[in-house]
Amino acid sequence: MIPQVLGLFIGHPHTYGREGASDPLDRPWTSGIVKAAVSGPIWLGRTNLAGDAQADLENHGGPEKAVCVYPGEHYPSWRAALGQPDFPFGAFGENITVGGQTEADVCIGDIFTLGDARVQVSQPRQPCWKLARRWHLRDLAAQVQRSGRTGWYLRVLDEGLVGPDAQMQLIERPYPEWSIAHANQIMHHRRHDLAAAAALADCPQLSGSWRRTLQARAERGSEGSPAP
């Protein structure tokens, strides 16, 4: 099965919440995590889809996190676990909801055609606290990380138009040993496995932030976490 785009989503940063709220989840925060579906083809540039933007440019966006992808296969289990039967595609702030692939099926360095563009898998997604704020579920980011159902990021090798029904055709897999699921296990669940950290850090197509974190762990025994 060729993976299929189930939805394209873009959004601009907005400020939510209200000053003086008693619940910290209701206090002001700014993010571009709330995204709207795109109905037609859209340009995919080096750092994002046209019309998409991030509030925290230190930890989000940029060439190695140009596109966030999340598997549509995970939504039924999240809807059941969260008690939200209408939990929609795009709920995790992804740019692409994809069908036909999960973290076990995608590897660091994979190159896909995506519409007229060509993209490469750069790293797993590191879920951040803004998921909790958006859905008012205090531990949602932790749930996502523990589950391994994180999604992943793409870098853009060749720009081009992408439609909301595009296919993602795999054209190169240089590192079949480094699935997104495997990388998540090493980063989050095998923190004392320094040899595995060093091996993953040696993967040249892994994003710089993940490589630096894993190298530091291997060299100093540090258990630090990468930027989201």
Side-chain angles (χ1 to χ4, degrees), residues 2-13 31-75 88-103 105-128 130-131 144 149-173 175 178-180 183-184 205-210 226-228:
I2 298 176
Q4 182 84 30
V5 173
L6 304 177
L8 283 177
F9 303 90
I10 60 172
H12 272 275
S31 176
I33 195 171
V34 179
K35 300 185 185 298
V38 174
S39 60
I42 191 168
W43 185 258
L44 175 57
R46 292 288 179 181
T47 57
N48 53 31
L49 286 164
D52 194 52
Q54 300 79 33
D56 177 6
L57 294 178
E58 182 176 348
N59 293 312
H60 300 285
E64 295 198 317
K65 301 176 186 176
V67 180
C68 181
V69 180
Y70 200 79
E73 279 79 354
H74 294 334
Y75 273 91
F89 287 165
F92 290 92
E94 71 266 27
N95 300 112
I96 295 175
T97 307
V98 67
Q101 60 181 195
T102 70
E103 291 79 4
D105 307 312
V106 176
C107 300
I108 303 298
D110 280 1
I111 297 177
F112 294 90
T113 57
L114 175 60
D116 295 334
R118 195 167 59 100
V119 296
Q120 183 175 53
V121 177
S122 59
Q123 67 166 78
R125 183 189 187 179
Q126 175 80 8
C128 80
K130 293 179 180 180
L131 277 173
V144 171
R149 294 175 292 175
T150 61
W152 54 89
Y153 283 107
L154 303 175
R155 58 172 66 93
V156 178
L157 303 180
D158 293 315
E159 301 177 333
L161 283 173
V162 179
D165 57 353
Q167 293 183 327
M168 296 188 68
Q169 176 72 58
L170 179 67
I171 58 175
E172 187 175 340
R173 173 162 287 172
Y175 303 103
W178 293 125
S179 70
I180 293 294
N184 273 330
Q205 300 305 335
L206 184 65
S207 69
S209 63
W210 271 59

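The model shown is predicted, which means the values in this text are computed figures rather than measured ones. We count residues from 1, following the sequence as given.
- A distance-only check finds no donor-acceptor pair linking the side chain of Glu94 to the backbone of Val69 [under 3.5 Å].
- Counting only heavy atoms from C-beta outward, the side chains of Arg118 and Ile171 approach each other to under 4.5 Å.
- With sequence neighbours excluded, the residues satisfying ring-ring contact (aromatic ring centres under 6.0 Å, His included) with Tyr70 are His74, Tyr75, Phe92.
- One finds the CD atom of Gln126 at 8.5 Å from the OG1 atom of Thr150 (value rounded to the nearest 0.5 Å).
- Contact check for Leu44 versus Leu161: no side-chain heavy atoms found under the 4.5 Å cut-off.
- For the pair Ser122 and Tyr153, the minimum side-chain heavy-atom distance is below 4.5 Å.
- Distance alone, capped at 3.5 Å, is enough to place a donor-acceptor pair between the Asn95 side chain and the Cys68 backbone.
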Residues Gln123, Lys65; criterion side-chain contact (heavy atoms from CB on, under 4.5 Å); working and verdict: CA-CA 8 Å; Gln123 67 166 78; Lys65 301 176 186 176; 3.5 Å; yes

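- With contacts defined as side-chain heavy-atom distances shorter than 4.5 Å, the pair Val106/Met168 does not qualify.
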side-chain contact (heavy atoms from CB on, under 4.5 Å) evaluation trace for Val121 with Leu154: CA-CA 5 Å; Val121 177; Leu154 303 175; 3.8 Å; yes

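- With sequence neighbours excluded, the residues forming a salt bridge (charged side-chain N to carboxylate O under 4.0 Å, His left out) with Lys35 are Asp52, listed by chain and number.
- Nearest heavy-atom pair across Ile180 and Pro124 is CD1-N, 3.8 Å.
- A distance-only check finds no donor-acceptor pair linking the side chain of Glu103 to the backbone of Ser179 [under 3.5 Å].
- For the side-chain contact (heavy atoms from CB on, under 4.5 Å) test with Leu114, the passing option among Ile96, Val98, Val156, Asp158 is Ile96; the others fail.
- At least one donor-acceptor pair closer than 3.5 Å links the side chain of Glu64 to the backbone N or O of Gly208.
- The main-chain N or O of Val67 is never found under 3.5 Å from a side-chain atom of Arg155 such that the two would form a donor-acceptor pair.
- Using a 4.5 Å heavy-atom threshold, the side chains of Val38 and Leu49 count as separate.
- Separation of atoms CZ (Phe112) and CD (Glu172) is listed at 11.5 Å; rounding is to 0.5 Å.
- We find the CD-CD1 distance between Gln101 and Ile2 to be 11.5 Å, quoted to the nearest 0.5 Å.
- Scanning both residues, Tyr175 and Cys107, for their nearest heavy atoms gives O-CB, 3.5 Å.
- Interatomic distance, OG1 of Thr113 versus CG of Leu157, reported as 11.5 Å (0.5 Å rounding).
- The shortest heavy-atom contact between Gly115 and Ala166 is N-CB, 3.9 Å.
- Atoms CD1 and CD1, on Ile42 and Ile10 in that order, are 4.0 Å from each other to the nearest 0.5 Å.
- Across Ser39 and Pro164, no two heavy atoms sit closer than the pair O-CG, 3.6 Å.
- At distances below 3.5 Å, at least one donor-acceptor pair connects side-chain atoms of Glu73 with backbone N or O atoms of Gly100.
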